[in-house]
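Computed from a predicted model, the values in this text were never measured in an experiment. Below, read A as the first sequence line, B as the second, and so on, with proteins coming before strands; counting in each chain starts at 1.
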Amino acid sequence: MSPKGTAVADGFSLFTDRSVVAMRVNGELRDLAWEVTDTDTVEPVTIDSEDGLSILRHSAAHVLAQAVQRVNPETKLGIGPPITDGFYYDFDTSEPFTPEDLKALEKEMQKIVKQGQRFVRRVVSDDDATAELANEPYKLELIGLKGGADAGSDNENVEVGGAELTVYDNVDPKTGEVMWSDLCRGPHLPNTKMIGNGWALMRSSGAYWRGSEANPMLQRVYGTAWPTKDELRAYQTRLEEAAKRDHRKLGVELDLFSFPDEIGSGLAVFHPKGGIIRHEIEDFMRRELLKNDYEVVNSPHITKGTLFETSQHLNWYKEGMFPAMHLDEVTDAEGNVTKQGQDYYLKPMNCPFHNLIFRSRARSYRELPLRLAEFGTVYRYEKSGTLSGLTRVRGLTQDDAHIYVTDEQVKDELKKQLEFVFATLRAYGLDDFYLELSTRDPEKSVGTEQQWADAEQTLREVGEESGLELVADPGGAAFYGPKISVQARDAIGRTWQLSTVQLDFNQPELFELEYAAADGTRKQPIMIHRALLGSIERFFAILLEHYAGAFPVWLAPEQVVGIPVAAEYGDYLDEIISRLRAEGVRARVDHSDDRMPKKIRTHTKLKVPFQLIAGEEDRAAGAVSFRFRDGTQLNGVPVDEAIARITAAIQSHEQVSTAWSE
RNA sequence: GCCCUGAUAGCUCAGUGGUAGAGCACUUCCAUGGUAAGGAAGGGGUCCCGGGUUCAAAUCCCGGUCGGGGCUCCA
């Protein structure tokens, strides 16, 4: 502890650079108005730093709240923290916000920003705060939480996280009048003018108070804020780019899949072009499985409930399952049951079936590791509000595998699995990964502490040995065992949880699985669940967005389209195309009566990797001209060479968007 | 599941109490063309479904289905 120094200055005199919006004093974020002493360590916080952006966004949230209460003073305040790329503020209001309301609020916010109100920090006692905020029931609740054992989430800490309670007053710079106040830990920008014009309100939605379904729903307004208008524009452009590659939009444009209303929510049909992509994804996966010592199995989509009683799924996840079909019950004329019926369920998971396959006969240690793989279609009754395109559906096909190993084999097998995962994902064009280790949630787990500790340790070692970044996810494990998951970054930097490798010491026990060990005793195997692509539907969506619909040649639904310069050259192209088709290439000639530039436009929009154009010059030379997706071209390529290059590009899983360099 | 919001031609969308529209796509015909839209004509809609209000409903009200944005959830 250093002796208390003498107050010497505030941040305004220490930092004249106008991009400094706050400072760190002895590691703590402080307003520039904070008085520092000669023994303090002081660092500037600039607006474009991570802390600076959070402060900017948090201040913008305050301005939003002030605007809301100006428009409707009856509105009660929830919380208003900064978040990635922006901020939100929750309100309890009699009428939800309409888009017009948001426009009006933006205008009101602009006035507040222009006025340049100062953010002034004021320390208050719990009692004073309680009196001052008597009309703000949610804030009172937060004050009550402060200092409790469970101090609430980070977002709530933004309001009351400090050692002492503070209120920020928004003060009119001319009159000194307090325009508005909010309970807040701070720090804030010195004044609202510094929020500038790089912000916008985005949307509104409902959100449960303190994130619990049991609590009332508040109205949340989301906004975004950046140091400059240019950065705001860049952010908006980024959102537009992401929207352009939205798989739901591309799915319609490229005629890949649809969700007919007649079938029901979350249930997709794949059209021929989506179907062939899916076929290629699965076909490649199957070949890799067989090369890597998996056995391919198959199981039905429905089963009697007893199976899921054994597996405990009916106990733990019944709400997530489609309700039972009650079958085979017989009643007499009086309605008395004369024969008990049976409950049948659509399967939400494949593992119990694989356990039955394991158990179908005596197993020897010589068979282990036994790797059972299936593209198993499962049905889950996901809540209606959580469904989203192909990424969250009610009917999905998992590329599922269950691997049964001895205790000694666990580590080697996990290693092998991770390597297999990386190699496979790379073949689909995803190569930027990190790992996440999900560990025990003591509230929700079976098995002994020792089992968990050992398993988590093994997973951690394997993860660390992979050389990839390993992120902890404490409490994220399922109840039956820890898992390691592979997160992949896509072309625009978003991360997706793909593969999971999960240990399970519960099911082998529930199903009484055993094998004969070398010494003749019976032992229980350890089970590893592993999904490599996750669900095929979701993986399909991820690839579609990753490539923005411009798939590598092997996955492209149409690989080659021949475009004759005039109808006369159609026959010549037909010959070339039939040679490609004989090689298994998806190729056709566009014989429609559109003009050539129109055909080029059509197939460019459909993102066909190779357009083969032929006219007099090409025919005379026994050649074709390539046009690639980006508009580059390669003229007069001899036909044999063209075919060889196309088939090679398919073989190698290569992405081809531009002309090959010689 | 909860809050908000939407549904009009295959697609994108205009129309908002009084006979249903555009562009693209599709069909046919003309045009025979060298690198992102040649021309003309034509077909195509229980305006999501069911109730209600009204002389009259695609339009207003209620319920449902499906979509979208969030919250919660995600074995």
Side-chain angles (χ1 to χ4, degrees), chain A residues 88 90 93 95-99 101-102 202-222 243 246 248-249 252-253 255 258-267 308 311-313 315-321 348-352 378 380-389 391-394 396 398 444 476-481 483 497 500 502 504 506-507 529 531 534-535 538 563-570 592-606 611 613-618 625-633 635:
Chain A
Y88 67 79
D90 288 344
T93 173
E95 294 294 319
F97 298 102
T98 63
D101 291 337
L102 294 190
M202 305 296 284
R203 65 177 76 89
S204 67
S205 72
Y208 297 110
W209 168 239
R210 303 193 61 223
S212 167
E213 231 175 333
N215 287 340
M217 183 157 291
L218 306 181
Q219 295 303 316
R220 174 171 298 179
V221 176
Y222 283 93
D246 188 312
R248 293 166 298 191
K249 184 176 151 73
V252 175
E253 285 173 5
D255 192 16
S258 61
F259 288 89
D261 293 359
E262 291 83 345
I263 304 179
S265 282
L267 299 165
F308 291 120
S311 69
Q312 292 286 311
H313 285 107
N315 191 13
W316 292 85
Y317 299 110
K318 192 167 184 184
E319 332 69 60
M321 292 169 63
M349 291 202 92
N350 301 303
C351 31
V378 299
R380 298 177 176 185
Y381 190 68
E382 303 281 2
K383 290 182 184 178
S384 59
T386 66
L387 300 171
S388 177
T391 54
R392 192 82 181 269
V393 289
R394 284 180 170 166
L396 57 133
Q398 293 182 309
K444 211 178 84 172
F479 71 89
Y480 52 76
K483 75 170 178 206
Q497 177 177 305
T500 57
Q502 178 143 26
D504 187 340
N506 189 221
Q507 286 205 35
H529 302 247
S535 94
R538 185 164 173 278
I563 298 177
V565 162
E568 186 195 341
Y569 307 102
S592 71
D593 52 10
D594 286 331
R595 292 182 67 233
M596 191 194 67
K598 179 61 186 296
K599 291 182 182 178
I600 288 172
R601 177 181 152 87
T602 302
H603 300 108
T604 304
K605 283 179 75 175
L606 290 173
Q611 297 182 28
I613 298 170
E616 187 50 42
E617 285 171 36
D618 298 285
S625 294
F626 280 82
R627 184 185 163 105
F628 299 85
R629 285 191 280 224
D630 68 347
T632 53
Q633 58 196 77
N635 293 334

So which protein N/O to nucleotides 42-51 of chain B N/O distances come out below 3.5 Å?
none

Is there any protein nitrogen or oxygen under 3.5 Å from a nitrogen or oxygen in nucleotides 23-29 of chain B, and what are the pairs?
| residue | atom | partner | partner atom | Å |
| --- | --- | --- | --- | --- |
| A25(B) | OP1 | Lys598(A) | NZ | 2.6 |

Produce the list of close N/O pairs, under 3.5 Å, pairing protein atoms with atoms of nucleotides 8-13 of chain B; give distances to one decimal.
none

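Note on Ala567(A): a base of the nucleic acid sits closer than 4.0 angstrom, heavy atoms only. Contact annotation for Gly476(A): no contact, since no heavy-atom pair falls under 4.0 Å across all strands. Using a 4.0 Å heavy-atom cutoff across all strands shown, His313(A) reaches at least one base atom of the nucleic acid. Among the atoms of the strands shown, none is found under 4.0 Å from any heavy atom of Phe479(A). Residue-level contact check: Gly631(A) touches neither bases nor backbone, having no heavy atom under 4.0 Å from any strand. Looking at heavy-atom distances under 4.0 Å, Pro348(A) makes contact with a base.
G38(B) atom C1' lies 15 Å from atom CD1 of Ile600(A), rounded to whole Å. Put simply, OH on Tyr569(A) is 14 Å from P on U35(B), counting in whole angstrom units.
For the OP1/OP2 pair of G33(B) and a distance below 4.0 Å, the side-chain nitrogens and oxygens of Arg595(A) include no atom meeting the criterion. For the pair Tyr222(A) and C71(B), the criterion of a side-chain N or O lying under 4.0 Å from OP1 or OP2 is met. At C66(B), one or more side-chain N or O atoms of Ser265(A) fall inside 4.0 Å of OP1 or OP2 (strictly under the cut-off). Between A36(B) and Arg627(A), a contact under 4.0 Å exists linking OP1 or OP2 to a side-chain N or O. OP1 or OP2 of G1(B) has at least one side-chain nitrogen or oxygen of Ser384(A) nearer than 4.0 Å. The side chain of Arg248(A) places no N or O atom within less than 4.0 Å of a non-bridging phosphate oxygen (OP1 or OP2) of G67(B).
Checking Glu382(A) against Ser265(A) by side-chain atom types alone, no donor-acceptor pair falls below 3.5 Å. Side-chain polar atoms of Tyr381(A) and Glu319(A) form no donor-acceptor pair below 3.5 angstrom. Asn350(A) and Gln398(A) are linked by a side-chain donor-acceptor pair at a separation below 3.5 angstrom, with hydrogens and angles left out of the test.
Among the nucleotides G34(B), C71(B), A75(B), the one closest to the side chain of Ala207(A) is C71(B).
Between Phe479(A) and Tyr317(A), the ring-plane angle classifies as tilted under the 30° and 60° cut-offs.
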